[in-house]
Asker: 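Below is the structure I would like to discuss, written out as structure tokens.
All heavy atoms count here, side chains included; hydrogens, waters and symmetry mates do not. Here the structure is a predicted model, which is why all the values come from computation and not from measurement.
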Amino acid sequence: MQQTNPVKIEGIGRYLPKRVVSSEELETRLELSKGWIAKRNGVLARHWVEPQKESNAFMGARAAEEALEAAGLTLSNIDLILNASGTYQQPIPENSPFIQQELGPEAHGIACMSIGVTCLSFVVALDSAAQFLATGRYKKILIVSSEIASVGLNFEEAESSTLLGDGAAAIVLGRTPEHEASAIHKAHLETFSDGAHLTEIKAGGSYHPPYNYQDSKDTDFLFAMQGLQTLKLSKTYAYSFLENLSQGLSTGLSTQFGDIDWVIPHQSSKVGLKMMESFGWPADKFIRTIEKLGNCIAASIPLTLYEGVESGRLERGQKVLLIGTSAGISMGGVILSY
């Protein structure tokens, strides 16, 4: 049985691109009826980057700076920068050296690495970082999720292209001081590869490389999602996954759920959030950002966590369920005391 791991989110930060794209603007662009996007996806607005001006590294570094300030720390206190993102600036190297570079000379020499599980990257990185801290390998870890979806959207697919937004969030994670309650209580991840091709960018890797472009369609280099099939497959495995995460969690009527103060779900879609509510979890326990941010891939959960903290709803010592799905299909969750 997993033991409670006393780690603390010492600070949290975010960065949102300056450009706000309303659903009305996209409905005009895609010739959709007024209100179609809000009705279908639940999104009223999202932020999109100005290409070449707001990079993954730029956004991630700005979020990291806010997280450090909130923690009352500087980069001299950090000994690992952990990139937890589903999108990247370029295939090699992965994002973390670029984040370090964007943070400036003070970050030079800090260990950098990435954990990539698309939309669950932050959740898996949080659990992994907690294990690093438990062994004493690292003392203070900066986790950064920075996502740019807008450059890879297929506007022939109205459902997916109107759902995704850009943004970044970061946390500073350290060991919990004595006499404080912050901890990770449970964490679990399951992957069901029968859904591996339901959400994907098909081309650009070694199997469909850029130089073999003649064997690929233009749209193979863009994001594609079979939303209905993804939802059906997720529902197939959801109840057993929840029970494996924490016995009794698959029904909000259970006493097991009673001590969870807040649910911070991946803001996958309006329908995806409704599926989570179908477990019987109280609607007033959910923190949502999909209406104003859309689905920001791995940054979605920490951006919603940020919303909970900054709004004053999430308080120290309260218990939180972070949960979601990712391409693969994977399902993951963490129960922690903030």
Asker: Determine whether a donor-acceptor pair (N or O, by modelled atom type, separation under 3.5 Å) exists between the side chain of Ser246 and the backbone of Leu249.
Answerer: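 Absent.
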Asker: With side chain to side chain contact (heavy atoms under 4.5 Å, CB included) as the test, pick out the partner of Ile297 among Ile148, Leu120, Asp166, Thr87.
Answerer: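 For Ile297, the side chain to side chain contact (heavy atoms under 4.5 Å, CB included) check succeeds only for Thr87.
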Asker: Rounded to the nearest 0.5 Å, how far apart are OG of Ser337 and CG of Asp261?
Answerer: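 The CG atom of Asp261 is 8.5 Å from OG of Ser337, to the nearest 0.5 Å.
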Asker: When you measure from the side chain of Gln90 to the backbone of Ile92, do you find a donor-acceptor pair of N or O atoms at a distance under 3.5 Å?
Answerer: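 Present.
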Asker: Given 3.5 Å as the limit, does a donor-acceptor pair link the side chain of Glu27 with the main chain of Gly35, or not?
Answerer: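 Present.
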Asker: Answer whether the closest heavy-atom distance between the side chains of Ile9 and Val172 falls below 4.5 Å.
Answerer: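 Of all side-chain heavy-atom pairs linking Val172 with Ile9, none is under 4.5 Å.
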Asker: Between the main-chain N or O of Leu163 and the side-chain N or O of Asn295, is there a donor-acceptor pair closer than 3.5 Å?
Answerer: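 No.
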Asker: With a 4.5 Å cut-off on side-chain heavy atoms, are Val7 and Arg175 touching?
Answerer: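 The answer is yes, as the side chains (C-beta and beyond) meet within the 4.5 Å cut-off.
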Asker: When you measure from the side chain of Thr236 to the backbone of Lys232, do you find a donor-acceptor pair of N or O atoms at a distance under 3.5 Å?
Answerer: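 Yes, because the side chain of Thr236 sits within donor-acceptor range (under 3.5 Å) of the backbone of Lys232.
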Asker: Do side-chain atoms of Ser326 reach the backbone of Cys119 as a donor and acceptor pair under 3.5 angstrom?
Answerer: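 Checked: no pair found.
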Asker: With a cutoff of under 4.5 Å between side-chain heavy atoms, which Ile, Leu, Val, Met, Phe, Trp and Tyr residues group with Leu16?
Answerer: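 Members other than Leu16 - counting any ILVMFWY side chain reachable under 4.5 Å - are Leu293, Leu303.
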Asker: Can Thr304 and Glu307 be counted as having a side-chain donor-acceptor contact under 3.5 angstrom?
Answerer: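 Per modelled atom types, Thr304 and Glu307 side chains form no pair under 3.5 Å.
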Asker: With a 3.5 Å distance limit and no angle check, can you tell me whether Glu102 reaches the backbone of Ala57 through a side-chain donor-acceptor pair?
Answerer: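 No; judged by distance alone, with no hydrogens or angles, the pair does not exist.
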Asker: Using a strict threshold of under 4.0 Å (side-chain N to carboxylate O), is an ion pair present between Lys139 and Asp79?
Answerer: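 Looking at Lys139 together with Asp79, the answer is no, because their closest N to O distance does not fall below 4.0 Å.
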Asker: Does Ile323 share a hydrophobic cluster with Phe192, counting links as ILVMFWY side-chain heavy atoms below 4.5 Å and allowing steps through other members?
Answerer: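 They do share one cluster, since a chain of ILVMFWY contacts under 4.5 Å joins Ile323 to Phe192.
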Asker: To the nearest 0.5 angstrom, please state how far the OG atom of Ser250 sits from the CG atom of Leu242.
Answerer: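 Interatomic distance, Ser250 OG to Leu242 CG, rounded to 0.5 Å: 6.0 Å.
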Asker: Supply the atom-to-atom distance Glu65 CD to Thr74 OG1, rounded to the nearest 0.5 angstrom.
Answerer: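 Interatomic distance, Glu65 CD to Thr74 OG1, rounded to 0.5 Å: 12.0 Å.
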Asker: For the residue pair Ile184 and Thr4, establish whether any side-chain heavy-atom pair is separated by less than 4.5 Å.
Answerer: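 Not touching, per the 4.5 Å side-chain cut-off.
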Asker: If hydrophobic clusters are built by linking Ile, Leu, Val, Met, Phe, Trp and Tyr wherever their side-chain heavy atoms come under 4.5 Å apart, do Leu44 and Trp48 end up in the same one?
Answerer: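 As far as the 4.5 Å side-chain criterion goes, Trp48 and Leu44 are not connected within one cluster.
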Asker: Below 4.0 angstrom, N of the basic side chain to O of the carboxylate: do Arg288 and Glu277 qualify?
Answerer: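 Counted as a salt bridge, because a side-chain N and a carboxylate O are separated by less than 4.0 Å.
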Asker: What heavy-atom pair brings Ala45 and Ser23 nearest, and what distance separates the two atoms?
Answerer: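 Minimum heavy-atom contact is N-OG, 4.1 Å.
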Asker: Side chains of His108 and Glu106: do they bring a donor and an acceptor to under 3.5 Å?
Answerer: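 His108 vs Glu106: no donor-acceptor pair found between side chains.
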Asker: Just by modelled atom types, is the Pro17 backbone N or O under 3.5 Å from a matching donor or acceptor in the His47 side chain?
Answerer: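 Checking the backbone N and O of Pro17 against the side chain of His47, a donor-acceptor pair under 3.5 Å is found.
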Asker: Main chain of Lys34, side chain of Glu24: is a donor-acceptor contact present, judged purely on distance under 3.5 Å?
Answerer: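 No, because the side chain of Glu24 does not come within donor-acceptor range (under 3.5 Å) of the backbone of Lys34.
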Asker: Working to the nearest 0.5 Å, report the span between CD of Glu10 and CG of Leu142.
Answerer: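 Result: 11.5 Å between the selected atoms.
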Asker: Is a salt bridge present between Arg62 and Glu54, judged by a nitrogen-to-oxygen distance below 4.0 Å?
Answerer: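 Here Arg62 does not pair with Glu54 in a salt bridge, since their nearest N and O are not under 4.0 Å apart.
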Asker: Give a yes or no on whether Glu310 atom CD has more than 12 heavy-atom contacts from other residues, nucleotides or ligands under 6.0 Å away.
Answerer: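 Yes, the 6.0 Å shell around CD holds more than 12 heavy atoms from other groups.
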Asker: Show your reasoning for whether ring-ring contact (aromatic ring centres under 6.0 Å, His included) applies to Tyr88 and Phe98.
Answerer: CA-CA 10 Å; Tyr88 50 83; Phe98 296 120; over 10 Å; no
Asker: Are a donor atom and an acceptor atom from the side chains of Asn83 and Ser114 found within less than 3.5 Å of each other?
Answerer: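 Distance-only check passes for Asn83 and Ser114.
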Asker: Indicate, with yes or no, if the rings of Phe58 and Tyr15 have centres closer together than 6.0 Å.
Answerer: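 Close enough - the centres of the two rings lie under 6.0 Å apart.
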Asker: How many angstroms lie between CG in Leu133 and OG in Ser128, if you round to the nearest 0.5 Å?
Answerer: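 If I round to the nearest 0.5 Å, the distance is 11.0 Å.
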Asker: Please find the pair of heavy atoms, one from Ser182 and one from Arg316, that lie closest to each other, and give the distance.
Answerer: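 Here Ser182 and Arg316 meet closest at OG-NH1, 3.7 Å.
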Asker: For residues Phe122 and Ile171, determine if any side-chain heavy atom of one lies less than 4.5 Å from a side-chain heavy atom of the other.
Answerer: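 With C-beta onward as the side chain, the pair touches.
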Asker: Taking the side chain as every heavy atom from C-beta outward, state whether Val271 and Leu231 have any pair of such atoms under 4.5 Å apart.
Answerer: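 Yes, side chains in contact.
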Asker: Do Asn77 side-chain atoms and Leu73 backbone N/O form a donor-acceptor pair below 3.5 Å?
Answerer: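 No; judged by distance alone, with no hydrogens or angles, the pair does not exist.
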Asker: Compare all side-chain heavy atoms of Phe279 with those of Tyr239 and state whether any distance is below 4.5 angstrom.
Answerer: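 Yes, close enough: below the 4.5 Å cut-off.
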Asker: Can you find a pair of side-chain heavy atoms, one from Arg46 and one from Ile37, that are under 4.5 Å apart?
Answerer: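 Side-chain contact under 4.5 Å: yes.
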Asker: Less than 4.5 Å apart, side chain to side chain, heavy atoms only: is that true for Thr199 and Phe223?
Answerer: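 When only atoms from C-beta onward are counted, Phe223 and Thr199 do touch, with a gap below 4.5 Å.
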Asker: Using a strict threshold of under 4.0 Å (side-chain N to carboxylate O), is an ion pair present between Glu66 and Arg14?
Answerer: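 No salt bridge links Arg14 with Glu66.
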